[in-house]
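Values reported hereafter were calculated over all heavy atoms of this structure, with side chains retained and with hydrogens, waters and symmetry mates removed.
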There are 2 protein chains.
Amino acid sequence: MPSPTTDTATGPSPAPVGRRERKKAATRQAIADAALRLFLERGYDEVGIREIADAADVSTTTLFKHFPVKEALVFDEDSGQETRLLAAVRERPKGQSIPAALREHALTTRLAAADSDAGFTAFTNLVASTPALRDYAQNMWLRHTAALAQAIAEESGLAAGDPICAALAHFALEAPRAAYAHDNPRKAITRAFDLLEHGWSALT
Amino acid sequence: MPSPTTDTATGPSPAPVGRRERKKAATRQAIADAALRLFLERGYDEVGIREIADAADVSTTTLFKHFPVKEALVFDEDSGQETRLLAAVRERPKGQSIPAALREHALTTRLAAADSDAGFTAFTNLVASTPALRDYAQNMWLRHTAALAQAIAEESGLAAGDPICAALAHFALEAPRAAYAHDNPRKAITRAFDLLEHGWSALT
DNA sequence: TCAATAAGTGCAACAACTTAATTTTTGAAG
DNA sequence: CTTCAAAAATTAAGTTGTTGCACTTATTGA
């Protein structure tokens, strides 16, 4: 689940270099911010594309150059999340196991986004209460697990279709979700990944 | 995966009684048939709603009274499928285990639809090659597993959220899918459900 | 027979999205 | 600094899925 906030820290997001790319990124961000604000204020279905474009002071065509469909406005930095997730596996320190890398990623990136962000709950509610967004998020989640499963297969040398890869990918993305309901998410995540780590090392 | 063909046999579908309901069913079928024919001929995205309505000789308003969204035209009898699936579990003969009931249902209903229907492959290809339909089918599939999981929980007396129910539901719907790739689907299904049956009896 | 109800119609409208032609902005070469 | 090609944004005019509304027609049950 992507965080709705603006990237302020110099995180792992590819810092735009030229003025051109910086401006483009700024426009994109202005659109996403305006959209999220309006959606949270009045609900996803009550806000039209034109209105968002007006609020961000761009034309609707420009809006669609940045976001292919309306739903994508809500899951703005989703593609970045997936990139970082795959990077966490592919570029993990030598000697670190794949589940360990995933745990680290879950603890740093995902938990940090969740509890530093005050609007996170509101965001989650928005998605949960809007059918169109629920469906979109669900399919997004499936694409992420598929991509992660493939990356795991490549990194571990297992066959691309091996169900173990799919299962690990599935659990690794499900664990943080389940942990939010827990009173101590940090601990819940750690223990869940302990389980995965043991199972993984036994099976590979 | 639902079969695209018209119901001709007196299957478990609730036979319409009054003239009114019969007519209604007839229009619905006319629309679905026209839609599928056009989609197979020219592709999902190349056929508009208005064209389908014309082909079925109804107004677009009427079309949407029968099918809430365009995608639903393709998965016409999906809701019936789900009903029959749940019924197979809930109304199984006394003494029959849940996995056994699911196997029977897979063997009769689902396999029968698949290899009796010449257009089945074309239908599958249509869905697989159209992103909108892939996504829709995926979400449909998830709703089915959720519904099945709940039915299994009720029938077995396990807690509603028990992961075992979700897992059995998942595998029971996945098995026939995987079996189509096999050279002898009937045998593949039977063996897959043997596995589930043993696991189930051990765990409950 | 008659009134209630449900199915179907025609049309206009809206919102999401596309396309094409045009203008502005920008990075960099001369 | 000027010039120029490409990227980004705009304007305007569609197309398409989907809905609302006012209305007709057919079926049903009393």
Side-chain angles (χ1 to χ4, degrees), chain A residues 14-36 38-39 41-76 130-136 139, chain B residues 14-36 38-39 41-76 126 130-137 139:
Chain A
V17 282
R19 167 159 45 231
R20 191 175 225 153
E21 308 181 27
R22 237 180 306 123
K23 279 207 158 190
K24 184 172 181 178
T27 317
R28 181 194 172 87
Q29 197 61 50
I31 297 169
D33 288 351
L36 189 62
L38 291 172
F39 288 157
E41 275 174 23
R42 319 213 316 266
Y44 180 79
D45 293 315
E46 313 312 315
V47 182
I49 289 285
R50 282 184 267 277
E51 199 175 348
I52 298 169
D54 280 357
D57 204 43
V58 295
S59 67
T60 73
T61 43
T62 298
L63 188 154
F64 279 111
K65 286 243 169 66
H66 287 277
F67 302 91
V69 294
K70 191 185 180 189
E71 287 88 349
L73 286 164
V74 173
F75 302 102
D76 179 16
T130 311
L133 293 180
R134 275 216 324 267
D135 286 5
Y136 188 84
N139 286 331
Chain B
V17 281
R19 169 160 43 233
R20 195 179 231 159
E21 307 183 27
R22 238 179 306 122
K23 280 201 160 188
K24 183 174 181 177
T27 15
R28 181 195 173 88
Q29 197 60 51
I31 296 170
D33 288 352
L36 189 61
L38 291 172
F39 288 156
E41 274 174 25
R42 320 212 316 266
Y44 180 78
D45 293 314
E46 313 312 315
V47 182
I49 289 285
R50 290 165 176 87
E51 197 177 350
I52 297 170
D54 280 356
D57 204 43
V58 295
S59 68
T60 73
T61 314
T62 299
L63 188 154
F64 278 109
K65 288 247 169 69
H66 285 277
F67 301 92
V69 294
K70 190 184 179 189
E71 288 87 350
L73 287 164
V74 173
F75 301 102
D76 178 15
L126 175 69
T130 310
L133 292 179
R134 275 217 321 268
D135 287 5
Y136 187 84
N139 287 334

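- Note on ring orientation: taking the six-membered ring where Trp is involved, the planes of A:Tyr136 and A:Phe75 are parallel (angle under 30°, cut-offs 30° and 60°).
- Using a 4.5 Å heavy-atom cutoff, the side chains of B:Ile49 and B:Leu73 are in contact.
- Between the CD atom of B:Glu46 and the P atom of D:dT15 there is a distance of 15 Å, rounded to whole Å.
- A cation-pi arrangement is absent between B:Lys70 and B:Phe39, since the terminal nitrogen or guanidinium carbon is not both under 6.0 Å from the aromatic centre and inside a 45° cone about the axis.
- Between B:Ser59 and the phosphate of C:dT9, there is a side-chain N or O to OP1/OP2 separation shorter than 4.0 Å.
- Whole-Å rounding puts the B:Asp54 CG to C:dG8 C1' distance at 15 Å.
- The distance from atom CD of B:Glu51 to atom P of D:dG17 is 10 Å, rounded to the nearest whole Å.
- Looking at every heavy atom in both residues, B:Ala55 comes nearest to B:Ala34 through CB-CB, 4.0 Å.
- When atom types are taken as modelled, the side chain of B:Tyr44 and the backbone of B:Glu71 share a donor-acceptor pair closer than 3.5 angstrom.
- A rotation axis mapping the C1' atoms of four pairs onto the next four is fitted at both ends of the helix from C:dT1-D:dA30 to C:dG30-D:dC1 over five pairs, and the angle between these axes is 10° to 10 degrees.
- Atom C1' of nucleotide C:dT9 and atom CD1 of B:Ile31 are separated by 13 Å, given to the nearest angstrom.
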Pairs under 3.5 angstrom, nitrogen or oxygen only, protein versus nucleotides 4-8 of chain D, please.
from	atom 1	to	atom 2	distance (Å)
D:dA6	N3	A:Arg20	NH2	3.3
D:dA7	O4'	A:Arg20	NH2	3.0
D:dA8	OP1	A:Lys24	NZ	3.2

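- B:Asp57 places its CG atom 8 Å from the P atom of C:dT9, with the value rounded to the nearest Å.
- Remark: A:Thr27 OG1 to A:Gln29 CD distance equals 10.5 Å, nearest 0.5 Å.
- Dashed line: the shortest gap from a side-chain N or O of B:Lys23 to OP1 or OP2 of D:dT27 is under 4.0 Å.
- Take B:Glu41 and apply the salt bridge (charged side-chain N to carboxylate O under 4.0 Å, His left out) test, not counting sequence neighbours, and it matches B:Arg37.
- The 12-atom threshold is exceeded at CG of A:Asp54, counting heavy atoms of other residues, nucleotides or ligands nearer than 6.0 Å.
- Remark: P of D:dG17 and OH of B:Tyr136 are 15 Å apart, rounded to the nearest angstrom.
- Residues passing the salt bridge (charged side-chain N to carboxylate O under 4.0 Å, His left out) test with B:Arg42, sequence neighbours excluded: B:Glu51.
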Assign a letter to each nucleotide of nucleotides 15-23 of chain C from its 5' end: B, base within under 4.0 Å of a protein heavy atom; S, sugar-phosphate only; -, no contact. BSBBB----
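- Atom P of nucleotide D:dT18 and atom CZ of B:Phe67 are separated by 13 Å, given to the nearest angstrom.
- For the side chain to side chain donor-acceptor pair (under 3.5 Å) test, no residue two or more places apart in sequence or in another chain qualifies with B:Thr130.
- Proximity note for B:Val58 (side chain, C-beta onward) versus D:dA26, D:dA9, C:dT9: the nearest is C:dT9.
- Counting heavy atoms from C-beta on, the side chains of A:Arg28 and A:Asp76 come closer than 4.5 Å.
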